[in-house]
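Note sheet for the following structure.
In what follows, every chain begins at residue 1, and chains take the letters A, B, ... in the order their sequences are listed. Computed from a prediction, not measured in an experiment: that's the story for all the values here. Just the heavy atoms: all of them, side chains too, but no hydrogens, waters or symmetry mates, feed the values below.
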Protein chains: 4
Amino acid sequence: MSAPSESETGNGRSNGSATKIQEKNRARILEAAFSEFAQFGYRGARIEQIAAAAGMSKSNLLYYFGSKKDIYKAVLADLLDIWLAPLRTLDPQGDPREELSAYINQKIELSARYPEASKLFANEVMQGAPMIGDVLEGSLKALVDEKTQVIRTWAAKGRIRPVDPHHLIFMIWATTQHYADFATQIRALTGTGIEEADFRKSAEETVASIILEGVMAKGG
Amino acid sequence: MSAPSESETGNGRSNGSATKIQEKNRARILEAAFSEFAQFGYRGARIEQIAAAAGMSKSNLLYYFGSKKDIYKAVLADLLDIWLAPLRTLDPQGDPREELSAYINQKIELSARYPEASKLFANEVMQGAPMIGDVLEGSLKALVDEKTQVIRTWAAKGRIRPVDPHHLIFMIWATTQHYADFATQIRALTGTGIEEADFRKSAEETVASIILEGVMAKGG
Amino acid sequence: MSAPSESETGNGRSNGSATKIQEKNRARILEAAFSEFAQFGYRGARIEQIAAAAGMSKSNLLYYFGSKKDIYKAVLADLLDIWLAPLRTLDPQGDPREELSAYINQKIELSARYPEASKLFANEVMQGAPMIGDVLEGSLKALVDEKTQVIRTWAAKGRIRPVDPHHLIFMIWATTQHYADFATQIRALTGTGIEEADFRKSAEETVASIILEGVMAKGG
Amino acid sequence: MSAPSESETGNGRSNGSATKIQEKNRARILEAAFSEFAQFGYRGARIEQIAAAAGMSKSNLLYYFGSKKDIYKAVLADLLDIWLAPLRTLDPQGDPREELSAYINQKIELSARYPEASKLFANEVMQGAPMIGDVLEGSLKALVDEKTQVIRTWAAKGRIRPVDPHHLIFMIWATTQHYADFATQIRALTGTGIEEADFRKSAEETVASIILEGVMAKGG
DNA sequence: AATGAATGAGTCTTCATTCAT
DNA sequence: AATGAATGAAGACTCATTCAT
């Protein structure tokens, strides 16, 4: 995970001017925490393992983030930045086929590059989104409201079939994230995974093709 | 969850002739365990909470299932029975449009009726399927291999477009299960959920329509 | 400390009908906790030491009282029962000299019998009464308001000199509790302590004599 | 607390010629430590909080005082200087009534000005005087022995009633220190405290009046 | 069949102290 | 003279599991 997060440190000395070593350590912690929380969820995650993965002592980790919850919050903040970016790029002025196709591909790339982020997000939501519930109901809803309107407009202009935009978005989310969240199952069934270029390419093609064909106006 | 499971109890008292009260308690435990494991995953689940939800003491629960892992195994066994059933019904002789449509609907119904089962499955797989990895690689793979062949045959006959059958199956799984696994997010964005009939109907229609349109041969 | 306390157990099974073993263990814990909290205050007290003094494992102690704070609360509840009893007996109808004399003696006896209770109370109040602040402002204030009125009535009738009743009460409290709270200093200076009968007798006589002479009307 | 203390620093840098800034910092630390130790006792006190109250980093505080115990020792040394001064002024040649009255007033003033000192002393003694036990048994005992003799002489001359001098001293200590140590309780019961002039005046008058009346020979 | 009692291995967190700069 | 970084020991609390009844 690379996106820096500027949340509080837990020790009272965060005065905005973080040292290089601080930045480095915080980044290493967040990266390690991502994997751990993604795999085991909040309760199941172990601070000690995060510290080990970050190459430091548990005490030192807690010197940077005062508590398990603090780490989790910081990780989620980073996550949302990454996770919601692609949807923002959906352009009302663009060609529906190209826009949707690009969006699908971006999401699959994201799943390939940040599989832990995907799992972490899934985990948090599956537990009822105790930490990011307000984000879902707030800024995410606003964003989705906006984009469903874009889709409705496309349909009104006859550029796509009139499908329920929410379900379309859910379908894209579900399908693309599936490659990260269910990677174990996919590997068991196909012997490969989204992190391998060939498979990613076939996934992108198939998914885009089905959804686009399914959504395009027959006459289009 | 009601399907009884005949896995081992852990204590030596299961002599085959289970009392009615025994059966009832085992069922209540499994039902409670389903929710708990589904929401929190294996590590995060708490025996005490399962016992409380099942209306009995922690000690008594452990009288029925000797350990946390035993409960988890029993729950997973039940889960797989339920979870894999619909795919088995996919009939090579049937009409692709009807078969796929029926399969999608069954999966959505399943998500609506057993949302915890869906989450539990997701959780287990996301953690690397430590418990059911062999099932995935064994009987599930066999089943999927068989059904991908069915789809390929349909394509070979020109009854559907030649899409990669694995990706098609993943898309159906992902999309339908999404309504259970991400219910919190869906409710935050739409104000409703798959357990409500209207929403379920619109989900089924939209999903089936997009996938079927996306998969059907243009000339078909 | 012997007074039983009926506060909650911390484990959720407290159904009112406590077993003998439960009662016994709870009593032993409270007794041990009294000493520990009295000597070291809340922060300084160590659960492990309480458990050791009570002759059980830390885990078992926490089976009875869910947290350090719970123990502390239970101990304080017991304490207040014991501590405030004597003042209640101050009888408006009685002879001031006898009433005050009896009250002083009771308080000195209390300090002799429950020196830890005295220290514990002192400790809590010295820290700002974070736990019993409301009791002080509530029931204790009500009780003291009542008794200051008694003293004022005595003065109005000319049975004692018109002294400020609050200060009189504080003087009695301070002086009598001093024998428990400052026992170490007293022993360093006199070689003995309030728990020894001779010393206790001389303390009672001297204190009572000075206060009574100091308070009685000259003509009386 | 302002009295400077010349106890050892713990680090080897104290070469006798302390900078102004050094002196100032040491004073600020001691002042902050006084409050902290007074409120929470030795174990309960937190170095970090002392540092914060003194407006410096924890590390810097430990640069001045090598360890928690060192700070505590320095604070106690200061304390004893302040705390035992008034008793030394008790003049055998003076008039008992005036001498005792002056002593009582001095002690009450002390409680008003240095409430933390009073609490700190109480705390240390209540824990068994682990740090100042030798002082109590040494110089304090010598001082008290001397002053009890003064009181006995007064009694022998018929200038006061023959009361046990130890108990008289304890009574004065207890009563006057009570206004500092139990300030929270006093405020809960009266709405005011010894730091307010009116209340202090009434305390001084009442306490002095009761003790003097109680101690003076009837004929005197 | 059921439960209260007890435990030990974790798990998070605090805190005095040391180190390097 | 001062501070940020780091640590290890200790402390509170959790939790699956065992024991006795």
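When atom types are taken as modelled, the side chain of B:Lys68 and the backbone of B:Tyr42 share a donor-acceptor pair closer than 3.5 angstrom. Remark: side-chain polar atoms of C:Glu36 are paired, donor with acceptor, to backbone N or O of C:Arg46 under 3.5 angstrom.
Contact annotation: B:Ser57 reaches the phosphate of E:dT3 (side-chain N/O to OP1 or OP2, under 4.0 Å). OP1 and OP2 of F:dA5 both lie 4.0 Å or more from every side-chain N or O belonging to A:Asn60. Applying the 4.0 Å criterion to OP1 and OP2 of F:dA6, one finds that A:Asn25 has a side-chain N or O inside that range. For E:dA5, one of the phosphate oxygens OP1 or OP2 lies less than 4.0 angstrom from a side-chain nitrogen or oxygen of C:Tyr63. Proximity of C:Gln22 to the phosphate of E:dG4: no side-chain N or O atom is located under 4.0 Å from OP1 or OP2.
Checking F:dA12 for Watson-Crick or G-U wobble geometry (two distances, each under 3.5 Å) identifies E:dT11 as its partner. Nucleotide F:dT21: paired with E:dA2 (Watson-Crick or G-U wobble, both distances less than 3.5 Å).
With sequence neighbours excluded, the residues that form a side chain to side chain donor-acceptor pair (under 3.5 Å) with C:Tyr72 are C:Glu124.
Under the 4.5 Å side-chain criterion, counting only non-hydrogen atoms from C-beta, A:Met56 is not in contact with A:Tyr63. A heavy-atom distance below 4.5 Å is not found between the side chains of C:Arg43 and D:Arg43.
Contact annotation for D:Ala45: backbone-only contact, meaning every heavy-atom pair under 4.0 Å involves sugar-phosphate atoms and none involves a base.
In this structure, the nucleotide among F:dT14, F:dA12, E:dT13 sitting nearest to the side chain of C:Lys58 is F:dA12. Considering only side-chain atoms of D:Arg46, the nucleotide from E:dT14, F:dA16, F:dC13 that sits closest is E:dT14.
Rounded to whole angstrom, the span from the CD1 atom of C:Ile21 across to the C1' atom of E:dG4 amounts to 9 Å. For A:Glu48 and E:dA9, the CD to C1' distance is 13 Å, given to the nearest whole Å. We find that OH of B:Tyr72 is positioned 20 Å from C1' of F:dT17, with the value rounded to whole Å. Atom CD in A:Glu23 sits about 11 Å away from atom P in F:dA5, given to the nearest Å. Atom NZ of B:Lys69 is separated from atom P of F:dC15 by 18 Å (rounded to the nearest Å). One atom, CE of D:Met56, and another, C1' of F:dG4, lie 16 Å apart when rounded to the nearest Å. Residue A:Tyr42 contributes atom OH, which lies 14 Å from atom P of E:dT11 at whole-angstrom precision. Between the CD atom of B:Glu36 and the C1' atom of F:dA16 there is a distance of 13 Å, given to the nearest Å.
Comparing A:Ser59 and C:Ile47 along DNA chain F, the residue whose closest nucleotide (by nearest heavy atom) sits nearer the 5' end is A:Ser59. Toward the 5' end of DNA chain E, the nearer of the two residues C:Leu61 and B:Leu61, judged by each one's closest nucleotide, is B:Leu61.
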